[in-house]
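We name chains A, B, ... by the order of the sequence lines, and we start the count at 1 in each one.
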Amino acid sequence: MSFLADLRWRGLLHQTTDDTGLEAWLEAEPRTVYAGFDPTADSLHVGSLLGLLVLRRFQQAGHKPIALVGGATGMIGDPSGKSHERNLLSQEDLERNVAGLAEQMRQFLDFDAGGAILVNNLDWTGSWSYLEFLRDVGKNFSVNVMLAKDSVKSRLGQPGAATTGDGMSYTEFSYMLLQAYDFVHLHQHYGCQLQAGGSDQWGNITAGIDLGRRMHGAPLYGLTWPLLTKSDGTKMGKTEHGAIWLDPQRTSPYQFFQYWINTDDADVGGCLRMLTELEPAEIEDLDAARAENPGQRTSQRRLATELTRLVHGAEGLAVAQQATEIFFGAEIADLDDTQLGQIFADVPSQQLPRGRLLDGSLTIVDALVQVGLAKSKGDARRTVQQGGAYVNNRRVAAIDTVLSPQHLASTSTMVLRSGKKKYALLQFAS
RNA sequence: GGGGGGAUACCGAAGCGGUCAAACGGGACAGACUGUAAAUCUGUUGGCUCAUGCCUUCGGAGGUUCGAAUCCUCCUCCCCCCA
């Protein structure tokens, strides 16, 4: 199977600018391909992961990927796929974000000699004067054509557009020119002839191709992947608590792992194809196993395992798996304070003096209230009486249980739980 | 400006002198079942030293009464109709 055929099989091809020629062009020799990433935050999230993984596939197939961080375009704000004008980021935020993204990208792409290249479009855009830009770049754009792009149409609320839109500023209107010029610049300096992006980037990509042809007669290609959406139409990688980030400080490996474990049956096949590097045969086996026995959830487990390892490494995966075992019932034993701290990184904790454990003054009811698992003693009592109170994942049934050092999970930590999922730590300082 | 209706616990909504910590539904919480799904079933759902005990709650402030969410007065806010 050719590289492009593999992308197509995985559902990663939404559109290309040359459906007939691109395949042969890519097979002929190693090519240089670029994709851009917006520095809207100091970490990538699941949405941008897809793009990085596509670049990674290009690299693995012997091509040369360029990851572009939009230090310049990030100052403007891409209107594509956005229904509202965006707030501008401050210079300091941008710099921090660019640095954060660059660091994360190293995990996915090999930037060593001759490998992938990391560029920041601020490096060639920052020194331009407005007049120069208008003469050299702006002159090549027809406003009529720009107005016809989806990203603009939807914001202007024109007939036939998907949304009514609330207008857009001249600043955002100009975004397309900057991104178009990026492509031309990368072609001139790095021999890049292919830009890849999410399907919402189609307008910007074709703008770059047009500009390349006008300025240099360059033959450029474009390719888009579909946006990651779930079967219910919502965006992949978003939860009610916000986005799923790649930065373990923002989204712990456990939460990351859990997000994928909870993938709907209807979505997991697509995710395996688009996000993992498993062979087609293996993915088809998983499809078959899922159809046979969906309750087994081997697909979800495999997806979560692969992605967590890819993003957080073997170590992060181990913590996530250990945390999963514990959060779903395994009794907590033989762990030290550090391990508990890692596993329960997302869980609230409270400190109490060690004396409370020794003098027999801390009942299970008091402890539940203390850590916030119950909002009153009556509530705590109810929880215990209904069999919903656990210490170190062992049910505490007696209402008058007094906590003592033997209830500690490690030297100084006790793990309290109410119901199936709500955990809190109680730490006893000496 | 005139007339009418209303404000109840997280939300909706009963209650209209004692048997009201307040029906019922939703939500939430806990349990069972289950695929860490969906559905279903059971229990709980003001606070306290958990007891047919006390305290705080029915828009706010007063009053009548042995006793008020329930009656009266004033105030605040909301809705409807007529000007």
What's the gap between [N] and [M] when it is taken at their [atom1] atoms, as a whole Å value?
N      : M      : atom1 : value
B:rC82 : B:rG63 : P     : 41 Å
B:rA13 : B:rA61 : C1'   : 27 Å
B:rA28 : B:rG46 : C1'   : 15 Å
B:rG43 : B:rC78 : C1'   : 38 Å
B:rU70 : B:rA38 : P     : 44 Å

Closest to side chain of A:P294, choosing from B:rG31, B:rU44, B:rG35: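 That would be B:rG35.
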[N] base to [X] side chain: any donor-acceptor pair below 3.5 Å?
X      : N      : value
A:Q385 : B:rU44 : no
A:D265 : B:rG35 : yes
A:Q296 : B:rG35 : no

For [X], report the nucleic acid contact type (base, sugar-phosphate, nothing); a contact means any heavy atom under 4.0 Å.
X      : answer
A:R290 : nothing
A:T324 : base
A:K422 : sugar-phosphate
A:G295 : base

Once you apply the 3.5 Å cut-off to both distances, tell me the Watson-Crick or G-U wobble partner of [N], or none.
N      : result
B:rC16 : none
B:rG1  : B:rC82
B:rA22 : none
B:rC29 : B:rG43
B:rU76 : B:rA7

Cationic tip of A:R106 above A:F111 ring, under 6.0 Å, 45° of axis: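 Yes, a cation-pi geometry.
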Cation-aromatic face contact A:R56/A:F108, 6.0 Å, 45 degrees: no
For atom CD1 of A:I399 and atom P of B:rU49, their distance in whole Å: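 Computing the A:I399:CD1 to B:rU49:P distance gives 12 Å.
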Distance-only donor-acceptor check, side chains A:D359 and A:S361, under 3.5 Å: yes
